Amino acid sequence: VQLQAFGGGSVQTGGSLRLSCAASGLSFRNYVMGWLRQAPGKEREFVAGITRTNGLTWYADSVKGRFTISRDNNKNTVDLQMNSLKPEDTAVYYCAAGIKYGSRSISDFPSWGQGTQLTVSS
C-alpha cells in the first residue's frame, strides 16, 4: 500500500491550502479514507474521514467547519481542503486508509504513508 500525501507548505493565519493524496496498491474504493496529523511533540491525531462510496464525512472537533475531505474513486485520490488555518494546525499531515466508518481513533486507520508538512504562521 502506498499513500503519498502532497501539497503542504507555509501559510499565514487565516489562509487556505489543499492537500492531496494518491493511493496505490489497494482496492481504494473498499477503504474508508482519512487524514491524520502529528504536531511536534504530540501524538498523531485524527483529522477527517470519508466513507467508501457515498461520501459521508466526519471531522475532529478542532477542524469542523474549516476543513473538508473529499475523494475520487476513479482517480484513487483523497483531498483535504483547509480554510481559516490557525497556528495550531501546524503539523505533518498523513493520508490514511481506514476500516471503520465514523471512527476518530487512529488505530482504525492502520495504513498511512509519507506525510506532508503544513506550517501556519501567526
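Hydrogens, waters and symmetry mates play no part in the numbers below; they use all other heavy atoms, side chains included. Every value quoted in this text rests on a predicted model; they were computed, and no experiment measured them.
Residue Ser70 holds its OG atom at 11.5 Å from CE of Met33, rounded to the nearest 0.5 Å. A distance of 9.5 Å separates CG in Leu80 from OG in Ser20, rounded to the nearest 0.5 Å. If you take OH on Tyr93 and SG on Cys21, they are separated by 15.0 Å, rounding to the nearest 0.5 Å. Note that CG of Leu118 and CG of Leu85 are 5.5 Å apart. Values are rounded to the nearest 0.5 Å.
By the 4.5 Å heavy-atom criterion applied to side chains, Met82 and Ser16 are not counted as neighbours. Side-chain atoms of Phe28 and Asn74, non-hydrogen and from C-beta on, never get closer than 4.5 Å to each other. Residues Thr116 and Leu19 meet the side-chain proximity criterion, which asks for heavy atoms closer than 4.5 Å.
Residue-environment remark: CD (Gln117) exceeds the threshold of 12 foreign heavy atoms within 6.0 Å. Open room surrounds CD on Glu43; 12 or fewer heavy atoms of other groups in view lie less than 6.0 Å from it. Around CD of Gln2, the count of heavy atoms belonging to other residues, nucleotides or ligands within 6.0 Å does not exceed 12.
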Stepwise side chain to side chain contact (heavy atoms under 4.5 Å, CB included) check, Ser62 with Arg37: CA-CA 12 Å; Ser62 59; Arg37 70 184 181 186; 3.4 Å; yes

Before giving the answer on side chain to side chain contact (heavy atoms under 4.5 Å, CB included), spell out for Ile106 and Trp112 the whole-Å C-alpha distance, their side-chain angles and the decisive distance to 0.1 Å. CA-CA 10 Å; Ile106 62 169; Trp112 62 79; 5.6 Å; no

Are Leu26 and Tyr31 close enough, and set up right, to give a side chain to side chain contact (heavy atoms under 4.5 Å, CB included), and what steps lead you there? CA-CA 9 Å; Leu26 76 168; Tyr31 286 86; 3.6 Å; yes

Could you give me the CA-CA distance, side-chain angles and deciding distance for Arg66 and Asp89, then say whether side chain to side chain contact (heavy atoms under 4.5 Å, CB included) is met? CA-CA 11 Å; Arg66 299 188 297 121; Asp89 295 319; 2.8 Å; yes

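Listed for the Arg52 side chain is no donor-acceptor partner under 3.5 Å among the backbone atoms of Arg29. Remark: side-chain polar atoms of Thr13 are paired, donor with acceptor, to backbone N or O of Ser121 under 3.5 angstrom. A donor-acceptor distance shorter than 3.5 angstrom exists from the side chain of Thr51 to the backbone of Leu56, with no hydrogens or angles considered.
Trp58 has its ring centre less than 6.0 Å from the ring centre of Tyr101.
With sequence neighbours left out, Phe109 forms a ring pair (Phe, Tyr, Trp, His ring centres under 6.0 Å) with Phe46.
Salt-bridge check for Lys64 with Asp61: passed, with a basic side-chain N closer than 4.0 Å to an acidic carboxylate O. Using a 4.0 Å cut-off between a side-chain N of Lys or Arg and a carboxylate O of Asp or Glu, Asp79 and Arg71 do not qualify as a salt bridge.
No side-chain donor from either of Ser103 and Ser105 sits under 3.5 Å from a side-chain acceptor of the other. A donor-acceptor pair shorter than 3.5 Å cannot be found between the side chains of Asp72 and Thr77.
Note on Val47 and Leu17: same hydrophobic cluster, where clusters join Ile, Leu, Val, Met, Phe, Trp and Tyr whose side-chain heavy atoms are under 4.5 Å apart, directly or indirectly. In terms of hydrophobic clustering, with Ile, Leu, Val, Met, Phe, Trp and Tyr side chains grouped at heavy-atom distances under 4.5 Å, Val92 and Val11 are assigned to different clusters. Linking ILVMFWY residues whenever their side-chain heavy atoms come closer than 4.5 Å, directly or via other members, leaves Tyr59 and Leu36 in distinct clusters.
When all heavy atoms of Ser122 and Pro87 are compared, the closest pair comes out as CB-CG, 4.0 Å. Nearest heavy atom pair, residue Thr90 against residue Pro40, reads O-CD, 4.4 Å. Minimum heavy-atom separation, Gly25 to Val1: O-CG2, 3.8 Å.
A cation-pi arrangement is found for Arg44 relative to Tyr94, the charged atom lying closer than 6.0 Å to the ring centre and inside a 45° cone about the ring normal.
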